[in-house]
Enquirer: 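My questions will all concern the structure given below.
Atoms within each ligand, like the ligands themselves, are counted from 1 in listed order. One-based numbering along the sequence shown.
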Amino acid sequence: MNYAIANFKMNKTSDEVDEYICELRQNLKNSVKTVICPSFVSLERAVKASFGSLIEIGAQNLFFEEKGAFTGEISIGMLESVGVKYAIIGHSERRHYFKESDDLLFKKVKAAANRLKVIYCFGETEEERDAGKSLEVTLNQLNLVKSFFENIILAYEPVWAIGTGKTANAEGSFALIKELESKLGALPDCLYGGSVNHKNAKSFIDAGFKGVLVGSASLDVKEFSKIIENMS
Ligand SMILES: O=C(CO)COP(=O)(O)O
């Protein structure tokens, strides 16, 4: 089944997330797995608001330790305790703004892979693409988590396409996934992310991606509903 995953990033209050989920519940498709990833403070209410619907709730981040002196961090157990089922790990904004290293990402994926459905993000920057390094960079990013392939899903998010309106070419992007597969063997389900909207979502499914990870266009419930509609 294809996925439509909304990454709200640092947007929406808990009231706004509640309202959003109430409206989205009316517009779901059985054939599309729908996951909403609001901020940490909205997770518990989001789980309640989605109860009895096909919507599942994901976190945008987590920490690998179970408890202890890690001020400001959130553990997997805490996420499980409020009914969270998914977690995004390795988003380029975490890698870039918060300097998340390969070592840290490995620890996070290792800790979470058996407990939550991990959405592991990877993708090259514009500079890396222009230097012809897309394959090398993404291969390294995937090699890091290869031992967890059975328990995770992937999201290819070329960094230059995130929040820029510059969507990557669907066929070209999937050709990269095929190249990665020829090096690594079968890959887990792979989604596409980066300036997805209701007009281009279907092209990524048609190219072979198993769904979309949507930022800005997911913030408007009508637009996200159209994305789901157009994918199915
Ligand atoms: O980062 C993204 C999803 O995780 C994509 O963001 P945009 O859809 O805003 O480009």
Enquirer: In the protein, which heavy atom is nearest to atom 9 (O) of ligand 1, and how far is it?
Expert: S216 OG, 2.3 Å
Enquirer: I'd like to know whether the aromatic ring centres of F106 and F148 sit less than 6.0 Å apart in this structure.
Expert: yes
Enquirer: For a side chain to side chain donor-acceptor pair (under 3.5 Å) with H91, tell me which candidate from H96, E157, E100, Q60 qualifies.
Expert: E157
Enquirer: Could D15 and R45 be called an ion pair, given the rule that one side-chain N must be under 4.0 Å from one carboxylate O?
Expert: yes
Enquirer: Would you check whether G193 reaches within less than 4.0 Å of ligand 1, judged by its heavy atoms?
Expert: no
Enquirer: Are any of the N/O atoms on N7, whether in the backbone or the side chain, positioned under 3.5 angstrom from an N/O atom of ligand 1?
Expert: yes
Enquirer: State plainly whether the residues E44 and K48 are in salt-bridge range, i.e. N to O under 4.0 Å.
Expert: yes
Enquirer: Any carboxylate oxygen within less than 4.0 angstrom of a Lys/Arg side-chain nitrogen, looking at E65 and K107?
Expert: no
Enquirer: Answer with yes or no whether the side chains of W160 and E124 bring together a donor and an acceptor at under 3.5 Å.
Expert: yes
Enquirer: Considering only the protein, which heavy-atom contact is closest to atom 6 (O) of ligand 1, and what is its distance?
Expert: K9 NZ, 3.2 Å
Enquirer: Could you tell me if any non-hydrogen atom of A161 lies under 4.0 Å from any atom of ligand 1?
Expert: yes
Enquirer: Strictly below 4.0 Å, N to O, side chains only: are R129 and E126 in salt-bridge contact?
Expert: yes
Enquirer: Relative to the heavy atoms of G194, which atoms of ligand 1 are at a distance of less than 4.0 Å?
Expert: 5 (C), 10 (O)
Enquirer: Considering non-hydrogen atoms of the protein only, which is the closest contact for atom 2 (C) of ligand 1, and what is the distance?
Expert: E157 OE2, 3.2 Å
Enquirer: Regarding ligand 1, does G215 bring an N or O atom to under 3.5 Å of one of the ligand's N or O atoms?
Expert: yes
Enquirer: Nearest non-hydrogen contact with atom 1 (O) of ligand 1 belongs to which option: K166, H91, E93?
Expert: H91
Enquirer: I need the atoms of ligand 1 closer than 4.0 Å to a non-hydrogen atom of L213, numbered in the order shown.
Expert: 3 (C), 4 (O)
Enquirer: Run the contact test for G163 against ligand 1 with a 4.0 Å cut-off on heavy atoms, strictly below, and give the result.
Expert: yes
Enquirer: How close do A201 and M231 get, counting heavy atoms only, and between which atoms?
Expert: CB-CG, 4.2 Å
